[in-house]
Protein chains: 2
Amino acid sequence: MKNKYLLIYEELASKIQDGYYPARSILPSENELTEMFETSRETIRKALNLLAQNGFIQKIRGKGSIVLDLKKLQFPISGLVSFKELAGKMGQKAETDVAEFALAFPDDDLMRQLHIKGEEKIWKVCRVRKIEGERIILDKDFLVEKLVPGLTEEICRNSIFEYIENTLNQKISFAKKEFTVEEPTEEDRRMLDLEGYHSVVVVKNYIYFDDASLFQYTESRHRPDKFRFVDFARRMDMPSG
Amino acid sequence: MKNKYLLIYEELASKIQDGYYPARSILPSENELTEMFETSRETIRKALNLLAQNGFIQKIRGKGSIVLDLKKLQFPISGLVSFKELAGKMGQKAETDVAEFALAFPDDDLMRQLHIKGEEKIWKVCRVRKIEGERIILDKDFLVEKLVPGLTEEICRNSIFEYIENTLNQKISFAKKEFTVEEPTEEDRRMLDLEGYHSVVVVKNYIYFDDASLFQYTESRHRPDKFRFVDFARRMDMPSG
DNA sequence: TGTTATTTGTTCGTATGTATT
DNA sequence: CAATACATACGAACAAATAAC
């Protein structure tokens with residue numbers, strides 16, 4: 001029994017995705033929803049604002065909440081999603097090979113990236129993501145051992161995120177991502193099926209816990225033809241509560 | 001006199017950027033801020049949640065709001081920003097050439113992209129963005145004339161966004177962006193200084209007004225070495241007010 | 001054109017719960 | 001245990017935009 005507004009958000013979101021509330025239609029008013037869910041208007045508004053932030057609806061004052069049409073196509077590398085979560089949504093045929101798994105001291109570059117001292121040991125994980133048999137993505141993860149103890153190769157084959165959230169019971173909170181396009185390195189060429197492509201899309205990911213501690217730096221190197229990123233952006237004002 | 005929480009957000013945000021509240025320090029408590037700004041706690045919380053959503057702070061229950069360190073580097077192609085706004089922040093040396101400017105009927109593809117009928121006339125604008133003299137970005141804009149009347153070549157040389165927001169007084173609300181990497185077309189090769197690069201980063205942008213009407217479709221084609229995208233993502237739960 | 005009802009936006013007050021110090 | 005600080009929830013009032021008549 002908690003987070004009533006999140007439950008309402010999820011119910012409305014799934015009703016929108018199921019087409020119960022179709023695109024371009026108008027949701028019941030806040031007062032109607034207040035009665036329907038037997039709660040307060042404030043709680044309904046939190047749920048609606050979440051829907052708006054995530055691109056499900058557009059709220060218009062004096063009019064109502066219009067259901068948007070964006071979520072359909074929008075399959076996400078957007079937001080904070082692990083490869084396993086993604087693979088599930090895309091419909092399988094995805095595999096992961098662990099190419100390297102080691103616990104070591106960081107070099108200078110890594111010390112800068114993770115804001116740590118040289119004594120802190122670091123997990124180095126290198127994984128190759130295969131889609132329909134082709135080696136498409138090279139993931140290089142670096143995790144602070146003190147913050148993520150007990151990692152195993154088996155866990156890496158499955159999902160590091162899942163381990164952190166479910167077993168360590170740590171809350172992953174936010175991430176900064178940076179996208180660039182670079183020349184393939186020798187390692188990229190060796191580890192991926194580049195098929196004549198002469199560039200890779202590099203996603204650098206800095207991942208933080210709930211308490212604002214940086215625990216992971218990931219470099220994800222994608223074959224360019226298989227890379228796609230969808231983003232939903234609102235122009236600074238955000239209905240927020 | 002309006003939007004008290006936005007004013008507070010802006011004041012706190014600029015104090016964070018100025019270093020008045022340095023990274024890793026803790027903001028005054030919600031109750032303290034309530035007194036400082038002579039307002040209610042709910043209003044302070046809205047401002048703080050905006051700061052959290054935009055990556056300025058991390059709120060930790062029982063502890064306080066920690067100032068984050070992310071905004072420094074994070075110069076934005078992120079969010080909804082026009083080239084002119086960007087160029088200003090990056091420090092000039094940016095120019096725009098208008099290569100094509102026409103009012104015409106849409107072809108089938110465009111009718112699909114903009115969800116319109118064939119009778120609706122469309123502005124077609126093709127612009128080349130130069131940075132330090134090199135032709136780096138090819139912007140192809142398609143705008144619904146009915147929604148954006150009175151466009152001129154001069155406006156395109158300056159900023160279409162500025163015209164829409166300041167002259168037409170329309171509120172641009174949200175956009176869906178899609179990033180891919182493609183082979184350069186013959187047009188890309190002709191219009192840009194590709195310097196031997198064999199790919200372009202394509203950003204497809206669907207831009208909407210406040211009332212959820214789609215008014216613009218933009219395809220922005222970047223030379224890969226000059227492209228960089230920074231994103232700040234929170235993992236689904238969002239303190240939201 | 002103008003008035004009224006509806007609907008969302010903002011602010012304030014209060015109360016309870018939970019985690020940290 | 002107590003004090004502090006954030007999270008959630010409910011209620012109420014008024015403002016502002018829209019729609020309908």
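Letters A, B, ... are given to chains in the order of the sequence lines, protein chains preceding strands, and every chain is numbered from 1. Note that these values count all heavy atoms, side chains included, but never hydrogens, waters or copies made by symmetry.
When all heavy atoms of A:Thr39 and A:Lys4 are compared, the closest pair comes out as OG1-CD, 3.6 Å.
The aromatic rings of B:Phe229 and B:Phe179 lie tilted to each other, with the angle between the two planes from 30° to 60°.
Here D:dC10 presents its P atom at 13 Å from CZ of A:Phe37, a figure rounded to the nearest Å. In this entry the distance linking CD of A:Gln58 with C1' of C:dT7 reads 15 Å, nearest Å. Remark: P of C:dT7 and CE of A:Met36 are 13 Å apart, rounded to the nearest angstrom. The nearest whole Å value for the distance from the CD1 atom in A:Ile60 to the P atom in D:dA19 is 8 Å. With rounding to whole Å, B:Tyr5 atom OH is found 8 Å from C:dT10 atom C1'. Taking atom CD of residue A:Glu38 and atom P of nucleotide D:dC10, one finds them 11 Å apart after rounding to whole Å. Between the CG atom of B:Asn31 and the P atom of C:dG13 there is a distance of 13 Å, rounded to whole Å. If you take CD of B:Glu30 and P of D:dA3, they are 20 Å apart, rounded to a whole angstrom.
When the nearest nucleotides of DNA chain D are assigned to A:Thr39 and A:Gly62 by heavy-atom distance, the more 5′-ward of the two goes with A:Thr39.
Of the candidate nucleotides D:dA15, D:dC6, D:dC10, D:dC6 has the atom lying nearest to any side-chain atom of B:Arg41. In this structure, the nucleotide among D:dC10, C:dT8, D:dT8 sitting nearest to the side chain of A:Ser65 is C:dT8. For A:Glu42, whose side chain is taken as the heavy atoms from C-beta onward, the closest listed nucleotide among D:dC10, C:dT8, D:dC6 is D:dC10. In this structure, the nucleotide among C:dT8, D:dT8, D:dC6 sitting nearest to the side chain of A:Lys46 is D:dT8. Comparing C:dC12, D:dT8, D:dT18 against the side chain of A:Lys63 picks out D:dT18 as the nearest. The side chain of A:Lys4 approaches D:dC10 more closely than any other nucleotide in the set C:dT8, C:dC12, D:dC10. When the nucleotides D:dC10, D:dC6, C:dT10 are ranked by their closest atom to the side chain of B:Ser29, D:dC6 comes out on top.
Contact between the side-chain N/O atoms of B:Thr43 and the OP1/OP2 oxygens of C:dT10 is not found at any separation under 4.0 Å. Proximity of A:Asn3 to the phosphate of D:dT8: a side-chain N or O atom is located under 4.0 Å from OP1 or OP2. At the phosphate of C:dG9, OP1 or OP2 sits under 4.0 Å from a side-chain N or O atom of A:Lys59. For D:dA7, one of the phosphate oxygens OP1 or OP2 lies less than 4.0 angstrom from a side-chain nitrogen or oxygen of B:Arg45.
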Worked verdict on B:Gln216 versus B:Thr218 for side chain to side chain donor-acceptor pair (under 3.5 Å): CA-CA 6 Å; B:Gln216 180 175 0; B:Thr218 295; 2.9 Å; yes
Criterion side-chain contact (heavy atoms from CB on, under 4.5 Å) on A:Ile60 and A:Ile26, from CA distance to verdict: CA-CA 10 Å; A:Ile60 301 180; A:Ile26 291 189; over 6 Å; no
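As judged by a 4.0 angstrom heavy-atom cut-off over every strand, A:Leu48 is placed among residues making no nucleic acid contact.
Figure legend: cation-pi geometry between A:Lys177 and A:Tyr206 absent, as NZ or CZ is not positioned both under 6.0 Å from the six-membered ring centre and within 45° of its axis.
A:Lys146 has no carboxylate O lying under 4.0 Å from a charged side-chain N of A:Glu119, or vice versa, which leaves the two without a salt bridge.
Applying the Watson-Crick and G-U wobble criteria (two distances, each under 3.5 Å), C:dT20 pairs with D:dA3.
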